[in-house]
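So the structure is just underneath, and the comments pick up after that.
Every chain is numbered from 1 and lettered A, B, ... according to where its sequence line falls, protein lines coming before strand lines.
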Protein chains: 2
Amino acid sequence: MNAPLPPPPWRRATRTPRRQLTTETIVDTALSVLSAEGPDAVTMRRIAHELDTGPGSLYAHVQDKRELHELMLDAAMRVVETPEPDPQNWRTQLKQLCLEQARVLTETPGIAQIAMETLIPTTPGILVAMDGMLGILRCSGIPDDRIAAAGDMLALHVTAYAYEASLWQSPSGQSDEAHRRLGQIGDYLQSLPADQLPNLKAMNHAMPHGTEPDHFEFALDVFIAGLAAHADVRP
Amino acid sequence: MNAPLPPPPWRRATRTPRRQLTTETIVDTALSVLSAEGPDAVTMRRIAHELDTGPGSLYAHVQDKRELHELMLDAAMRVVETPEPDPQNWRTQLKQLCLEQARVLTETPGIAQIAMETLIPTTPGILVAMDGMLGILRCSGIPDDRIAAAGDMLALHVTAYAYEASLWQSPSGQSDEAHRRLGQIGDYLQSLPADQLPNLKAMNHAMPHGTEPDHFEFALDVFIAGLAAHADVRP
DNA sequence: ACCTGAACACCGTTCAAGT
DNA sequence: ACCTGAACACCGTTCAAGT
């Protein structure tokens, strides 16, 4: 018996030497499934199937589904650039950063939901984003003991807005049902006697909490104006 | 054969004539499971089991799990009383109402999560709460086109805060892990060189978004102060 | 060490069959 | 009409066995 021939080199091009799962490919696959088919489609089984393997294989690279979620959030948030803080312009910078963060969180539906569920951000990308926001706040003249609270609440508001906004544009067709209900509730309000829910009726506002971009920007303006007032007291 | 004897009257006390499932008992059962064992325990199967029946039986009284969630939220929110709007006191009234709503949403862990997921409130209790908040805002002198935005964003913020806060006190032991991670991240920040995440390091703040009651109250004060400034412009 | 895939202990929802 | 419970089509996670 001869020694077996070495495999001809062109075979190597056909399939990579070994399938080689990595955390990165898992996260990328999860993100592409998410943006293509929405949050419900992001299951361990589905991701594994996409990578031609069984669900158990993923657990060699990722602790559990929650950790995978955090890694997805991190990858998504890495695209946000934080500006060099400029004491002359902190108000504009802060607002721009919030709008940008909200934009990224809304862009891929489902990411904001993960952000909302992730109680403590421990992942580099998110820490960088937080640090950037604090950097702007710290050159605003706001007393130090307020800065943590301000950053905290601003981040919360951005995340919450992005979450609600993304519910409206999920690719799962859930948003159609939402629009239908919005109409129904308008009719319902009109049908009520004048003394029931008079304010909702008067505004004819179905009150979807916080999904209008205008409302979000208004809230940012009001909040930042309030912060500036705090800064003026103790410059 | 004689006609069968009528059942002796004391038997009736032993078991109710017929099991009779109602929407109300289902919602009540769901709420008590929720407050006893947290959101994960609230499954259709579990509720059915609690009522000595199969999961399919619930679907005669409730369309699906989402609808059950909304009914639970409604029942929980019904305890919030909205004050008679007083133009002299709208700032205090507004703050009190927000604190009260947040308190109720935080009280039963899991309710805030439902509130966050419920895109459009269509249920009487929530509509009443919204109407009350709008009532206070309408006697504040804030221009009408801002009132919807203000109410919208305030409700969003209350809900989001309650959601994050309730993550910390879930009975599923998830909160212990959260506290552990909070410590770990503090250590991690200290271990970093001075030029990495300088602001987070300086504040030594792990930045759990929006869970401190102080921070929430601060945000309400800042936001309401900002609204008042708007009201002063056009009285 | 990494990967497999069968198995475990669950889900929400549907539906024919019963009373 | 209301209820049943078996069945369907899924989950996340674990783990012995393979390479």
Worksheet item: Parallel, tilted or perpendicular for A/H157 and A/F216, by the 30°/60° rule?
Response: parallel
Worksheet item: Which pair of heavy atoms, one from A/G135 and one from B/N199, lies closest together, and at what distance?
Response: CA-ND2, 3.2 Å
Practice prompt. Identify, with sequence neighbours excluded, every residue that meets salt bridge (charged side-chain N to carboxylate O under 4.0 Å, His left out) alongside B/E67.
Written response: none
Worksheet item: Within this structure, what is the CG-to-P distance between B/D64 and C/dC11, rounded to whole angstrom?
Response: 17 Å
Worksheet entry | Consecutive-pair stems (3 or more, Watson-Crick or G-U, under 3.5 Å) for DNA chain D | C:4-8 with D:12-16, C:12-16 with D:4-8
Discussion item. Whole angstroms only, please: what is the CG-C1' distance between A/L58 and C/dC2?
Written reply: 13 Å
Item to complete: Nearest-nucleotide wise, let me know which of A/G56 and A/A41 is further upstream toward the 5' end of DNA chain D.
Response: A/A41
Practice prompt. Please list, chain by chain and in numerical order, all residues satisfying salt bridge (charged side-chain N to carboxylate O under 4.0 Å, His left out) with A/D131, sequence neighbours excluded.
Written response: none
Discussion item. Can you tell me which nucleotide in D/dC11, C/dG12, C/dT4 comes closest to the side chain of B/R45?
Written reply: C/dG12
Discussion item. Closest approach to the side chain of A/L21, judged atom by atom: which nucleotide of C/dC3, C/dG12, D/dG12 is it?
Written reply: C/dC3
Practice prompt. For the residue pair B/S166 and B/Q113, confirm or rule out a side-chain donor-acceptor distance under 3.5 Å.
Written response: no
Worksheet, complete the sentence: Ranking C/dT14, D/dT13, D/dC2 by distance to the side chain of B/Y59, first place goes to C/dT14
Worksheet item: Separation of B/I26 atom CD1 from D/dC2 atom C1', in whole Å?
Response: 12 Å
Worksheet item: Taking atom C1' of C/dC10 as reference, at what distance in whole Å does atom NE2 of B/H49 sit?
Response: 14 Å
Worksheet item: How long is the line joining CD of B/Q63 and P of C/dT13, in whole Å?
Response: 10 Å
Discussion item. What is the distance, to the nearest angstrom, from the CG atom on B/D52 to the C1' atom on D/dC3?
Written reply: 13 Å
Practice prompt. Test B/R46 against B/E37 for salt bridge (charged side-chain N to carboxylate O under 4.0 Å, His left out), laying out the working first.
Written response: CA-CA 11 Å; B/R46 174 65 194 279; B/E37 298 177 47; 2.8 Å; yes
Worksheet, complete the sentence: Taking D/dC2, C/dC3, C/dT13 as options, the one with an atom nearest any side-chain atom of B/Q20 is D/dC2
Discussion item. If I take atom CE in residue B/M44 and atom P in nucleotide D/dC8, what distance separates them, rounded to the nearest angstrom?
Written reply: 21 Å
Fill in: D/dA9 to C/dA9 separation - P atoms, rounded to the nearest Å
23 Å
Worksheet item: Shortest non-hydrogen contact from A/L105 to A/A162?
Response: CB-CB, 3.5 Å
Item to complete: Measure from the side chain of B/H61, starting at C-beta and using heavy atoms only, and say which of C/dT4, C/dG12, D/dC3 lies closest.
Response: D/dC3
Worksheet item: Taking for each residue the nucleotide of DNA chain D bearing the nearest heavy atom, is the 5' side occupied by A/P55 or by B/A60?
Response: B/A60
Worksheet entry | Check against side-chain hydrogen bond (donor to acceptor under 3.5 Å, both in side chains), A/S32 and A/T29 | CA-CA 5 Å; A/S32 74; A/T29 307; 5.6 Å; no
Worksheet item: Contact class for A/S57 vs. all strands (heavy atom < 4.0 Å): base, sugar-phosphate, or nothing?
Response: base
Discussion item. From CG of B/L51 over to C1' of D/dG5, roughly how many Å is that when rounded to an integer?
Written reply: 16 Å
Worksheet item: Is the phosphate of C/dC3, meaning OP1 or OP2, less than 4.0 Å from a side-chain N or O of A/T53?
Response: no
